[in-house]
**Q** 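What follows is a structure written as structure tokens; I'll ask about it next.
Here is the naming used below: chain letters follow the sequence lines, and residue numbers restart at 1 for every chain.
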Amino acid sequence: MLPEAFYARPAEVVAPALLGQTLVVTVGSVQAQQDTNSERSARTHQRDKRQLPAGRYRVRIVETEAYVGTHDLACHASKGRTPRTEVMFGAAGLVYVYLIYGMYHMLNIVTGQVGEGQAVLIRAVEPLEPPTLPVNTNGPGKLCRALDIDKRHNGRSLHRSLHKSLRGSLQSEALHLCAGTPPRRIITTPRIGIDYAGDWKDAPLRFFDADSAYVSKQRKQ
DNA sequence: CCTGTGATCGTCT
DNA sequence: GACGATCACAGGG
């Protein structure tokens, strides 16, 4: 498990450093499975198809973006402390998850010092264990949908929670990061989908593994 | 290859 | 009441 000091650095440092690290996600506790199934079956069952079955998955982070604090106009923290952004102002290593466009969740990790409002967005992952997946994880919305990451994870710590689960049981909110294999080559570009951010829209704060086939389908280079 | 648009709802003004 | 840190699909060149 990566130490807390790993995250307590500026987001523009942590974001490229996260490439190649291993994210361990446990999908579908009994409780969560019942909840999501009842909600969805009442409307549409379209989403089950894009979501992975219950189990533990290990994936490799291959694309990230840094949101560097309250002065960064693309960063949610630039709007100040609100109920939604409160987690961003917390300790490094907290998980920040929010809903966008009414239908996609975004997975972030808080970085820097308390009060700075920094985070790194996880934009794409590639499967490690199992080595292939029946759904796509090459995009920030797609990976959260596949791994059933949503508001339940918001505010949780990447550090605690591992040893608290009952032996053998699945803990739905569990998210962990372990050391992995860094990319051989990293490409840096402006961030995606933040054209509203004025002077900050062209800041080179998106990072991806140049050799991964699982990078999101945006932009040229 | 590219640009445009609809879906859908929590959040903040 | 407006607007997204997205995605999938449609249509044109």
**Q** Could you state the CG-C1' distance from D150(A) to dT8(B), rounded to the nearest angstrom?
**A** 16 Å
**Q** Let me know the distance between NE2 of H76(A) and P of dT11(B), rounded to the nearest Å.
**A** 11 Å
**Q** Tell me whether the OP1 or OP2 atom of dA8(C) has a side-chain N or O from R50(A) closer than 4.0 Å.
**A**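 Result: yes.
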**Q** Please determine if a side-chain N or O atom of K79(A) lies less than 4.0 Å away from the OP1 or OP2 oxygen of dT13(B).
**A** no
**Q** Quickly work out the H105(A) NE2 to dG10(B) P distance and round it to whole Å.
**A**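 Taking atom P of dG10(B) as the reference, NE2 of H105(A) is at 10 Å.
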**Q** Which heavy atom of V97(A) sits nearest to which heavy atom of N154(A), and what is that distance?
**A**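 Distance-wise, the nearest heavy atoms are N-OD1, 3.0 Å.
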**Q** What's the gap between dA8(C) and dG10(B) when it is taken at their C1' atoms, as a whole Å value?
**A**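 The same atom, C1', in both gives a distance of 22 Å.
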**Q** Going by an N to O cut-off under 4.0 Å, is there a salt bridge joining R191(A) and D202(A)?
**A** no
**Q** Within the structure provided, determine whether D209(A) and R60(A) are in side-chain contact (heavy-atom separation under 4.5 Å).
**A**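 Side-chain contact under 4.5 Å: yes.
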**Q** Could you tell me if H153(A) and Y96(A) have a donor-acceptor pair between their side chains, going purely by distance under 3.5 Å?
**A** no
**Q** If you look at every strand shown and take non-hydrogen atoms under 4.0 Å, does G141(A) touch a base, only sugar-phosphate, or nothing?
**A**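 Here G141(A) touches the backbone only, sparing every base.
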**Q** Can you check the D195(A) CG to dT3(B) P distance for me, whole Å?
**A** 12 Å
**Q** When you match Y101(A) and K151(A) each to their closest nucleotide on DNA chain B, which lands nearer the 5' end?
**A** Y101(A)
**Q** Should Y196(A) be listed as having a side-chain N or O under 4.0 Å from OP1 or OP2 of dA5(C)?
**A** yes
**Q** How many Å lie between CD1 on I192(A) and P on dC7(C), as a whole number?
**A** 10 Å
**Q** Would you kindly give the NZ-to-C1' distance between K217(A) and dC2(B), to the nearest whole Å?
**A** 17 Å
**Q** How many whole angstroms separate atom OH of Y98(A) from atom C1' of dT8(B)?
**A** 16 Å
**Q** How many Å lie between CG on L73(A) and P on dG4(C), as a whole number?
**A**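 Atom-to-atom, L73(A) to dG4(C), this comes out as 13 Å.
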**Q** Would you indicate what L99(A) reaches in the nucleic acid, counting non-hydrogen atoms under 4.0 angstrom: base, sugar-phosphate, or nothing?
**A** sugar-phosphate
**Q** Which one is paired to dG6(B), where only Watson-Crick or G-U wobble pairs with both distances under 3.5 angstrom count?
**A**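 dC7(C) - that is the nucleotide pairing with dG6(B), both distances being under 3.5 Å.
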**Q** Which heavy atom of I186(A) sits nearest to which heavy atom of P183(A), and what is that distance?
**A** CG1-CG, 3.6 Å
